Amino acid sequence: MTSDKRLAFSCGMRDGIPIATGYFAVAFTLGIAARNAGFTPLQALFVSLTNNASAGEYAGFTLISQNAGYLELALMMLVANARYLLMSCALSQKLDSKTSLLHRMIIGYDVTDEIFGICINAPGKLNPFYAYGAFSVAIPGWSIGTYLGVLMGNVLPANVVSALSVGLYGMFIAIIIPPAKKSRLLAGLIILSMLLSLLFSILPFLSKIPSGTAILLLTIAISAAAAVLFPIKEGETQNGA
């Protein structure tokens, strides 16, 4: 490895350590969800090694716990993780045109919100080894956190496991509140999704729909309606700036 690659790798590791720390805490509560869905520690570890996505994994574990079918699960994964396609397109413009297909594919393996954030803000063209350095600490933090979450969920008292299960909901609240404060439209869509989810759970004719199908239908319907009715114009941000 050349000195430039070593430097880029070490810089990626440095910037990835805070991400890994956050991942570990979130993944621990995700492991509780995996345990509740019937996963063993090693199974959950493998899932997190191959799918480093909190919302996607949580949705997957939820659907599995509801005995959802493979098609339902695949569609939900596509919807929940679709934003990574856009992030990958943006990162492809950050790479040097001579970057090989292999490097592009490896980077595409772990494009997450946080990894995307540090890579897109790296000065100049993105050196693939910067991303690899971030991966080297972020991926273990995420997968080991999930493993320990399942492991501890199997030995902790039931009331403690139940309390820890709430932690992931706190993570989602922390994710949606800041952007919702900046955008009335986004806040309205979040409230609408909550109300519709409530209706699907209490109305007799809607409550008969499997929860996995209900989540999938609401996700597609609300996001599609928002895209059609309130498109973001080129050069405009979500808060209208």
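None of these values were measured; they are calculated from a predicted model.
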* **Transitive ILVMFWY side-chain link Leu186 to Val228, under 4.5 Å** => no
* Classify the side-chain pair Thr146/Ser48 by whether it contains a donor and acceptor separated by less than 3.5 Å. => yes
* Keeping the roles fixed (side chain from Thr50, backbone from Phe46), state whether a donor-acceptor pair exists under 3.5 Å. => yes
* Within 6.0 angstrom of Arg104 CZ, more than 12 heavy atoms from elsewhere -> yes
* **Minimum heavy-atom distance between Leu45 and Ser143, given as atom pair plus value** => CD1-O, 3.4 Å
* For the residue pair Met77 and Gly56, what are the closest heavy atoms and their distance? -> CE-O, 2.9 Å
* State yes or no: do Ile19 and Tyr109 share one hydrophobic cluster built from I, L, V, M, F, W and Y residues joined by side-chain heavy-atom distances below 4.5 Å, directly or via other members? => yes
* Please round to the nearest 0.5 Å and tell me the distance separating atom CD1 of Ile120 and atom CG of Leu126. => 8.0 Å
* When you look at NZ of Lys181, are more than 12 heavy atoms from neighbouring residues, nucleotides or ligands closer to it than 6.0 Å? -> no
* **Distance in Å, Met76 CE paired with Thr62 OG1, rounded so as to fall on 0.5 Å steps** => 9.0 Å
* Where Asp4 and Asn127 come nearest, the two heavy atoms and their spacing -> O-ND2, 4.0 Å
* Which pair of non-hydrogen atoms, one from Pro140 and one from Phe135, has the smallest distance, and what is that distance? -> CD-O, 3.6 Å
* To do: Would you give the length of the straight line joining atom CG of Leu75 to atom CG of Leu71, rounded to the nearest 0.5 angstrom?
  => 4.5 Å
* Where does the angle between the aromatic ring planes of Phe28 and Phe24 fall among parallel (under 30°), tilted (30 to 60°) and perpendicular (over 60°)? -> tilted
* Asked: Taking the side chain as C-beta and beyond, is there a heavy-atom pair between Cys119 and Leu91 under 4.5 Å?
  -> yes
* Is a donor on one side and an acceptor on the other found under 3.5 Å between the side chain of Lys94 and the backbone of Ala122? -> yes
* **Lys125 NZ to Ser97 OG distance, which is reported to the nearest 0.5 Å** => 7.0 Å
* Please walk me through it: do Asp15 and Tyr130 pass side chain to side chain contact (heavy atoms under 4.5 Å, CB included)? -> CA-CA 9 Å; Asp15 294 343; Tyr130 174 84; 2.5 Å; yes
* For residues Ile115 and Tyr23, report the shortest heavy-atom separation together with the two atoms involved. => CG1-OH, 4.2 Å
* Asked: Who passes salt bridge (charged side-chain N to carboxylate O under 4.0 Å, His left out) against Asp113, sequence neighbours left out?
  -> Arg83
* Indicate yes or no for a side-chain donor-acceptor contact from Asn51 to the backbone of Val47 under 3.5 Å, with no hydrogens or angles considered. => no
* Asked: Considering only heavy atoms from C-beta outward, does the side chain of Leu42 approach that of Val150 to under 4.5 Å?
  -> no
List, one per line, each side-chain donor-acceptor pair under 3.5 Å for residues 191-205, sequence neighbours excluded.
| unit_1 | atom_1 | unit_2 | atom_2 | d |
| --- | --- | --- | --- | --- |
| Ser193 | OG | Leu189 | O | 3.4 |
| Ser193 | OG | Ile190 | O | 2.6 |
| Ser197 | OG | Ser193 | O | 2.8 |
| Ser201 | OG | Leu198 | O | 2.6 |

* **Any donor-acceptor pair under 3.5 Å from Gln43 side chain to Thr40 backbone** => yes
* Report the distance from atom NZ of Lys5 to atom CZ of Phe129, rounding to the nearest 0.5 Å. => 4.5 Å
* To the nearest 0.5 angstrom, please state how far the OH atom of Tyr58 sits from the CG atom of Leu30. => 9.5 Å
* To do: Any ring pair (Phe, Tyr, Trp, His ring centres under 6.0 Å) involving residues 60-86? Give me the pairs, sequence neighbours left out, ordered by first then second residue.
  => Phe39-Phe61
* **Closest heavy-atom pair and its distance - Ser88, Val111** => OG-CG2, 3.8 Å
* Asked: Do Ile106 and Trp142 belong together in a cluster built from hydrophobic side chains that touch within less than 4.5 Å?
  -> yes
